[in-house]
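Given the structure is predicted, the values throughout are model-derived calculations rather than measurements. Lettering of chains follows the sequences in order, A, B, ..., and the numbering in each one begins at 1.
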Amino acid sequence: MKTLTIALKDTLIKFRDRNAILLMIAAPLLISFVMGAAFGGQGAAASPISGIPLIIVNADQGELGQNFAEIFAEIEVDTADGVQPLFTVTALTSKADAIEQVELGETRGAVYIPADFSAQLIGGGDPNGGTTPFDTAQGKPRETALVEVFTDPSATVSPAIIRSVASRIANGFSTVVIGNSVAVGQLTEALENADAPPSPEVIANLGNLDEILNAENARFGETEGARERIRVATALAGESEDLNLLNYFVPSMAIFFLMFSVFDGTRSILAEEQEGTLHRMMTTPTGRSEILLGKIGGTFLTGILQFVVLVVISGLVFKVAWGSAPLAMALLVLATVAAATSLGTFVASFARNANQANVIGTAVTLVSAILGGNFIDFRALPDWLVPVSKLTINRWAMEGFFNLTLGGLGLPDVLPNIAVLFGLAAGFFVLAMLLFNRRFVK
Amino acid sequence: MTDPILTAHNLEKHFGENKAVQGVSFQIARGEIYSLLGPNGAGKTTTISMLTGLLAPTHGDATIDGHSVVKNVNDVKQVIGVVPQEIALYPTISARENLTFWGRMYGLSGKRLAQRVDAALEIAGLADRATDKVDTFSGGMKRRINIAVGLLHEPKIIFMDEPTVGIDPQSRRRILDTVKELNAQGMAVLYTTHYMEEAEELSHRIGIIDHGQLIAQGTLAELTKTVGENDTIQLTLDTGEQAVTDTAASVQQLPGVAKAYGENGHMIVQAAHANAALPGILSHLAGAGVTVKALQVQEPDLEAVFLHLTGRALRD
């Protein structure tokens, strides 16, 4: 109970502080808005970007590869200058040439559709078994068709858009193909099992091919993931709201400024130690662990409220789409704030005083933001920095939020991120408790 | 002393090689004001920190209302109130919000919490400013709220660590009166200060602490007896050191003068009543052609006691 009293007191103090409100709420929204505007637009309905140079190398001779490539060229967005193609697509035949063009900065990205793309999706199978998706119609595992995306490492926003669009097209595309191939598989099975010429029922089935395909598509659509993927792909083909650049910037800045405010919150443990209120609390009949948990709880509660306010305001004002998986979003927010709070508490536990905690906290925040992708796409980091990036809270949080907001994915897709973040939270928390225990027992 | 509220026995606190408090023992009776008097760094705050559970004693123990600060510190915290030296409040929330928070930390809730917050605001004389943020208050007002926090749960003994440091005379007067009122209601007080006049005005008994050791304790009368009952007159003359010694020998013969001697270039005269002896002394010096450049009269007080015990002035 006293833990909650302390947490609520800290939350009240934080939200009464105009400077803190500026840092927690106004700054991330303002900077996101400015960055969005800097890229050519900030309106909720208008996409600030169009005509992103993109090379497509379609090595597939089949129909599906062609369809996949065409979708890129067909995507249009509302811009300040009217409806424009999202990508300026150039077709090449050589993968190596495409990569070279990307490396030279002549284009923002390249998409490579492999030669066996159609074959793998429609009729392929994995004779050796394994962990690939299982095709119930074929009675054997389904091979994965690998579409490769290459992006300009010096670009900030367009790589994320290209990857996101490719991912959504692939998700929606494969779901429809799987559904249809199952239906066709059922017909084939019926024909193969017939000793005599096709029976009237089979012929009737052939006549009802469209109906069967639709039924199968609907059945696959009943699963949450598939329904989501089909919807997202449809939205991309005709609508622009999911391409609002603020979908990229707001989560990024929200995480960045969350780190600042959380570090400020945990630093208050040391500030209270210096100002005497912590010692005064310790002269009351309140356990030291209750006090510490209350302080940490206050920071955690403040962080949650900060994020919720940012989600609500950015959704209402900037029409930022926070995805369509509220449970996943809620868990990701909880995990991110918990990890950041624990890291801040850990820093406070070994800092000599509040000033030192402030310096260390600021340094950790900035380095984490750079490595974790708050300023540049973490996938554009040099190979040797990628493992380091994975040590940051920001990277796991950024990836999770982008999967939900830009990727349109659901809970199963961000569960690893949530698990890692909660793991980091637990680890830092245990370390902080050990160090604080040594600090307070004199 | 029968049934003391506090008994400290051989308390010691070491920080590495530094022995901040050494062998401090004393008792406080129920309803008594006991002052720990000593210069900055003497060990007053460390002693209070051990008695309030903030620091674990290196050696020794203390019992408060029958509870050991070593073994039952949580029980101790139920019966004590603490007013720390610094303003331990949250400046950006109101006086009432501060008091409500601290009341909850003392385990109060509901109607009793509301009643005690109102009572504390009355004690602080700030009921009309209850909803104002603490950072809009003067230093004295903050001190009063700081004290009120320590009274919220009606403790049996309150520890006040230099509560008048850095405030204006009016607020200081008010705080001293508050301490007297609380004591009149039966609350025991452990009051630390380096202002001897506060210790003299408030205390039933006084402990003098220096370099972590309690070097004397007793009532004001008992302590001043240790330096005798004479007033001390310090005269600064325009003569050399040898002439001061010679003049002192002649002054010692005057009526009303108990003793006169030279010390550090000054002439020190002890007399039962300085006012009665001074006219004769000044007349004698004028007749001898000696000019008095400065003159200071000191009655027997805690300053003199401290000087007598340590060889230093309390404010050195």
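In this structure, B:N74 and A:P285 approach most closely via the heavy-atom pair O-CB, 4.4 Å.
Across A:M281, A:M282, A:M1, A:E290, the residue that shares the most heavy-atom pairs under 4.5 angstrom with chain B is A:M281. Your options are B:G81, B:A88, B:G53, and the one with the most heavy-atom pairs under 4.5 Å with chain A is B:A88.
Only the side chain of A:E272 comes within less than 4.5 Å of a heavy atom of chain B; its backbone N, CA, C and O stay farther away. Of the two parts of A:L12, only the side chain, counted from C-beta on, holds a non-hydrogen atom closer than 4.5 Å to a non-hydrogen atom of chain B. Contact of B:I87 with chain A is made through the backbone alone, with heavy-atom distances under 4.5 Å.
The contact list for residues 143-167 of chain B toward chain A, using heavy atoms and a distance under 4.5 Å, reads B:N146, B:V149, B:G150 by residue number. Contact residues of residues 93-123 of chain B toward chain A are B:I93, B:E97, B:F101, B:W102, B:R104, B:M105, B:Y106, B:G107 (heavy-atom distance under 4.5 Å). Chain A is approached within less than 4.5 Å, heavy atom to heavy atom, by B:T52 from residues 44-52 of chain B, ordered by number. The interface of residues 297-314 of chain A with chain B, defined by heavy-atom distances below 4.5 Å, is empty.
When the shell of 6.0 Å around NE2 of B:H67 is examined, it contains more than 12 heavy atoms from other residues, nucleotides or ligands.
The distance from the CG atom of B:L54 to the CZ atom of A:R280 is 11.5 Å, given to the nearest 0.5 Å.
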